Amino acid sequence: SFFFGGEVMIDFDGRVILITGASRGIGAAAALRFAESGARGVVINYHRNQEAAETVARAVERSGAGALVVKADISDRADSKMLVGKTIEHFGRLDVLVANAGVWPPDERMITELDEDQWNETMRINVNGIYYVCREAAAVFIGQRSGNIVTVSSTAGQRGEAGHSDYAASKGAVISFTKSLASELGKFNIRVNCVAPGWVDTDMAAPALKVTEAELKRITSMIPVGRVASADDVAGPIIFLASELSRHITGEILNVNGGSVLCG
């Protein structure tokens, strides 16, 4: 727990956290941090890698929290409904949703080479997936008059990214969606915020980061702090936005990029 002004401000005691895409990377790191911060239960959603999800669950349990592993494709409305339903069925409540699951097609494609299949697949997962799971969680939060949503966007959604217009557009949509929900749900005591990471050393970014030493040096040279973020570097800000330390913050896009994109 973290104390501020005599109050415990980062303490998720009794809280239940649902994290999409939690079998690896940012989602897995956030699951562990929530468990270490006293969460009663952490729901680890995965789509393909059950073994990895079970490994995260065991680590969560070692930190003293209950863990529930649920396979679900959040870009499918029925699966998102099932995911939130199983959370309530198992733990009896839901307090925080971290909408983290997403894809990043690594191949650079100019708009003239970007086919409909890739565009639609990126939007299906990165936009529809956020919509469906947030919709289901919001219904629960409105009913209990409390809740917290943290979405995961990207610097690409803030500045665009040449050769990855599908990804940038999808993450820009997440930013606008976050701001809309914050305005819409505040009256129900529900906060909605977003983290926008830059380069992060995760499985998703691995293909792009497996480059020559010179190219990696070029990438890090564009980051003022001089390094690529770890998954933990993003998990910390997620915990902050879900905690009482940020109780007067909603609709915010928190840049987690080492200074590589400086926008308000």
Side-chain angles (χ1 to χ4, degrees), residues 2 9-12 15-39 41-45 56 60 65 74 80 83-84 87 93-102 126-127 129-142 144 146-155 157-158 170-186 188-198 200 202 229 231-257:
F2 182 85
M9 303 298 280
I10 297 185
D11 186 355
F12 293 94
R15 306 286 182 87
V16 174
I17 320 298
L18 167 57
I19 306 174
T20 66
S23 65
R24 60 180 187 167
I26 294 168
L32 295 178
R33 296 299 156 251
F34 276 112
E36 292 167 354
S37 300
V42 180
V43 180
I44 297 141
N45 160 246
V56 175
V60 163
I74 60 162
S80 280
L83 175 61
V84 173
T87 299
R93 62 181 296 112
L94 173 61
D95 299 286
V96 177
L97 167 66
V98 179
N100 164 71
N126 290 0
V127 181
I130 294 280
Y131 155 64
Y132 286 134
V133 75
C134 285
R135 184 177 188 271
E136 296 301 324
V140 173
F141 293 158
I142 289 170
Q144 66 193 23
S146 68
N148 194 302
I149 298 173
V150 182
T151 62
V152 179
S153 181
S154 166
T155 54
Q158 297 172 306
S170 71
K171 289 301 186 176
V174 170
I175 288 172
S176 295
F177 187 63
T178 298
K179 292 180 178 182
S180 298
L181 292 192
S183 299
E184 190 175 306
L185 299 176
F188 299 105
N189 193 32
I190 301 165
R191 294 191 296 113
V192 189
N193 290 291
C194 176
V195 293
V200 185
T202 63
D232 248 355
D233 289 329
V234 185
I238 289 172
I239 295 290
F240 164 70
L241 288 174
S243 77
E244 286 302 299
L245 275 176
S246 62
R247 64 191 177 194
H248 203 60
I249 298 174
T250 195
E252 182 59 45
I253 314 304
L254 179 55
N255 304 319
V256 190
N257 59 41

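Counting begins at 1 with the first residue of the sequence. Quick caveat, the model's predicted, so the values are computed rather than measured.
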Visitor: Do any N or O atoms from the side chain of N100 and from the backbone of G21 form a donor-acceptor pair under 3.5 angstrom?
Guide: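 Side chain of N100 to backbone of G21: a pair is present.
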Visitor: Given 3.5 Å as the limit, does a donor-acceptor pair link the side chain of N257 with the main chain of T155, or not?
Guide: no
Visitor: With rounding to the nearest 0.5 Å, note down the distance linking OG1 in T87 to CG in L18.
Guide: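 So the gap between those two atoms works out to 4.5 Å.
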Visitor: Restricting to non-hydrogen atoms, name the atom on G102 and the atom on N126 that form the minimum distance, rounded to 0.1 Å.
Guide: CA-OD1, 3.2 Å
Visitor: What I'd like to find out is whether the side chain of S153 reaches to under 4.5 Å of the side chain of I253, using heavy atoms alone.
Guide: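 Not touching, per the 4.5 Å side-chain cut-off.
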Visitor: Pick one: which of L241, I238, V234 meets side chain to side chain contact (heavy atoms under 4.5 Å, CB included) with L254?
Guide: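 The residue from L241, I238, V234 that satisfies side chain to side chain contact (heavy atoms under 4.5 Å, CB included) with L254 turns out to be L241.
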Visitor: For the backbone of V192 and the side chain of K179, can you confirm whether one donor and one acceptor N or O come within less than 3.5 Å of each other?
Guide: no
Visitor: Looking at N148, V42, V16, which one forms a side chain to side chain contact (heavy atoms under 4.5 Å, CB included) with V96?
Guide: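 Output: one option passes, namely N148.
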Visitor: Roughly how far, to the nearest 0.5 Å, is the CZ atom of F177 from the CD1 atom of I130?
Guide: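 So the CD1 of I130 and the CZ of F177 are separated by 7.5 Å.
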Visitor: Using every non-hydrogen atom in the two residues, find where E136 and V84 come nearest and quote the distance to one decimal.
Guide: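 Nearest heavy atoms, E136 then V84: CB-CG2, 3.6 Å.
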Visitor: Just by distance, do the side chain of R33 and the backbone of D232 share a donor-acceptor pair under 3.5 Å?
Guide: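 Side chain of R33 to backbone of D232: no pair is present.
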Visitor: Any chance you could measure R15, atom CZ, to S243, atom OG, to the nearest 0.5 Å?
Guide: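 It is 9.5 Å, given to the nearest 0.5 Å.
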Visitor: So which heavy atom on S37 is nearest to which on I10, and how close?
Guide: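 Residues S37 and I10, closest heavy atoms: OG-CG2, 4.0 Å.
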Visitor: Tell me, do P197 and I26 make a side-chain contact under 4.5 Å, heavy atoms counted?
Guide: yes
Visitor: Please check this pair: side chain of S176 against backbone of A173, looking for a donor-acceptor N/O pair closer than 3.5 Å.
Guide: no
Visitor: Under a 4.5 Å cut-off applied to non-hydrogen side-chain atoms, are I190 and I142 in contact?
Guide: yes
Visitor: Please examine the side chains of V43 and L83, heavy atoms only from C-beta on, and report whether any two atoms are closer than 4.5 Å.
Guide: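 Yes, at least one pair of side-chain atoms sits under 4.5 Å.
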Visitor: Could you go step by step and tell me if L185 and F141 meet the side chain to side chain contact (heavy atoms under 4.5 Å, CB included) rule?
Guide: CA-CA 9 Å; L185 299 176; F141 293 158; over 6 Å; no
Visitor: Once rounded to the nearest 0.5 Å, what's the spacing between atom CD1 of I175 and atom OG of S180?
Guide: 12.0 Å
Visitor: Can you name the nearest heavy-atom pair linking A101 to I74, along with the distance?
Guide: CB-CD1, 3.8 Å
Visitor: Looking at R191 and T250, what are the two nearest heavy atoms and their distance?
Guide: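 Minimum heavy-atom contact is CA-OG1, 3.5 Å.
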Visitor: Test side chain to side chain contact (heavy atoms under 4.5 Å, CB included) on V150 and L97 and set out the steps.
Guide: CA-CA 6 Å; V150 182; L97 167 66; over 6 Å; no
Visitor: With side chains defined as the heavy atoms from C-beta onward, is the minimum distance between N189 and Q144 less than 4.5 Å?
Guide: no
Visitor: Can you name the closest pair of heavy atoms from A99 and V133 and give their distance?
Guide: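 Closest pair (atom of A99, atom of V133, distance): CB-CG1, 4.3 Å.
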Visitor: I'd like to know if the side chain of N45 and the backbone of I19 have a donor-acceptor N/O pair within less than 3.5 Å.
Guide: no
Visitor: Does any part of the side chain of D95, heavy atoms only, come nearer than 4.5 Å to the side chain of F12, both counted from C-beta?
Guide: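 No - every pair of side-chain heavy atoms lies 4.5 Å or more apart.
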